Colleague: 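Quick one: this structure, given as structure tokens, is what I'll be asking you about.
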Amino acid sequence: MQEDGAEESGQEEIAVKLKNVLIVVKDIERAVAFYRDLFGLQVILDNDGNVIMSEGLVLQDAAIWKKFTGKDIVPENNACELYFEEKNIEAFARKLEESGYEIEYVNRLMVHSWGQKVIRFYDLDGNLIEVGTPV
């Protein structure tokens, strides 16, 4: 017998967990290099158009996304963001500037009213990224 009463009510126990976040990219190799170079993420599994990287980021080729969903991607839709933390954000800001990638900023290094420093920009495919100091 379970304490939550699931067995008594005839319901199966369900334990759904968030495992990864998937973003759609046009060029997998270029996106892998971007996230490796700027964030230190490593490839865990390369599955022909789907790449699982460390920290739970999954990159999926735009053609596969379109085939499975029947939907076009909308770059820079500002509906969600990938959030990273970095204690030495000034050094990260310099790394970003010197990276050789063409970065489109939403906001350069700024300080929120509560004291957190953040930078927001788009990746190569228009996915919004925020890097902030730990709160």
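Just so you know, these numbers come straight off a predicted model, no measurement behind them.
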Colleague: To the closest 0.5 Å, what do you measure between OG1 (T133) and CD1 (I89)?
Modeller: 5.5 Å
Colleague: Given side chains that start at C-beta, do those of R108 and R120 come closer than 4.5 Å, heavy atoms only?
Modeller: no
Colleague: Donor-acceptor pair, distance only, cut-off 3.5 Å: does the side chain of N88 make one with the backbone of A91?
Modeller: yes
Colleague: Quick one: are N127 and Y122 in side-chain contact, heavy atoms under 4.5 Å?
Modeller: no
Colleague: Let me confirm one number: the CZ-CG distance from F34 to L41, rounded to the nearest 0.5 Å.
Modeller: 10.5 Å
Colleague: Any chance you could pull the hydrophobic cluster mates of L22, using side-chain heavy atoms under 4.5 angstrom and chaining through other members?
Modeller: V24, I44, L45, I52, V58, W65, I73
Colleague: Between E86 and K95, does any NZ, NE, NH1 or NH2 come within less than 4.0 Å of an OD or OE carboxylate oxygen?
Modeller: no
Colleague: For K117 and E90, indicate whether the former's side chain and the latter's backbone hold a donor-acceptor pair under 3.5 Å.
Modeller: no
Colleague: Begin with the C-alpha distance, continue with both residues' side-chain angles, and end with the deciding distance and a verdict on side-chain contact (heavy atoms from CB on, under 4.5 Å) for Y35 and L82.
Modeller: CA-CA 11 Å; Y35 283 97; L82 298 177; 3.6 Å; yes
Colleague: Indicate the atoms forming the closest heavy-atom contact of S54 with G40, along with that distance.
Modeller: OG-O, 4.4 Å
Colleague: If you group Ile, Leu, Val, Met, Phe, Trp and Tyr whenever their side-chain heavy atoms sit less than 4.5 Å apart, what else falls in with W114?
Modeller: V135
Colleague: State the CG-CG distance between D27 and D61, to the nearest 0.5 angstrom.
Modeller: 8.5 Å
Colleague: Would you please indicate yes or no on a ring centroid separation below 6.0 angstrom for F39 and F92?
Modeller: yes
Colleague: Same hydrophobic cluster for I23 and V43, using side-chain heavy-atom links shorter than 4.5 Å among ILVMFWY?
Modeller: yes
Colleague: I need the D123 CG to E81 CD distance, nearest 0.5 Å.
Modeller: 12.5 Å
Colleague: Hey, does D72 have a side-chain heavy atom less than 4.5 Å from the side chain of K66?
Modeller: yes
Colleague: Just how far is it from atom CE of M53 to atom CG of L59, taken to the nearest 0.5 Å?
Modeller: 6.0 Å
Colleague: Can you check side-chain contact (heavy atoms from CB on, under 4.5 Å) on V131 and F121, steps first, answer last?
Modeller: CA-CA 9 Å; V131 178; F121 56 96; 4.1 Å; yes
Colleague: Return the CD1 to CD1 distance between I103 and I129, rounded to the nearest 0.5 Å.
Modeller: 7.5 Å
Colleague: Locate the shortest heavy-atom distance separating I28 from V25; write the atom from each residue and the value.
Modeller: CD1-CG2, 3.8 Å
Colleague: Could you tell me whether the side chain of D125 and the main chain of K26 form a donor-acceptor pair under 3.5 Å?
Modeller: yes
Colleague: Would you say that E130 contacts I119 through its side chain, given a criterion of any heavy-atom pair below 4.5 Å between the two side chains?
Modeller: no
Colleague: Would one find more than 12 heavy atoms of other residues, nucleotides or ligands at under 6.0 Å from atom CG of D48?
Modeller: no
Colleague: Surrounding CD of E55 (heavy atoms of other residues, nucleotides or ligands, distance under 6.0 Å), is the total greater than 12?
Modeller: no
Colleague: Does a side-chain heavy-atom distance below 4.5 Å link L38 with Y101?
Modeller: yes
Colleague: Should V32 and I64 be counted in the same cluster of Ile, Leu, Val, Met, Phe, Trp and Tyr side chains packed under 4.5 Å apart?
Modeller: no
Colleague: Should side-chain heavy atoms under 4.5 Å link Ile, Leu, Val, Met, Phe, Trp and Tyr, which residues sit in the same cluster as I14?
Modeller: V16
Colleague: Hydrophobic clusters here meaning ILVMFWY residues chained together by side-chain heavy-atom distances under 4.5 Å, can you tell me if L124 and L57 are in one?
Modeller: yes
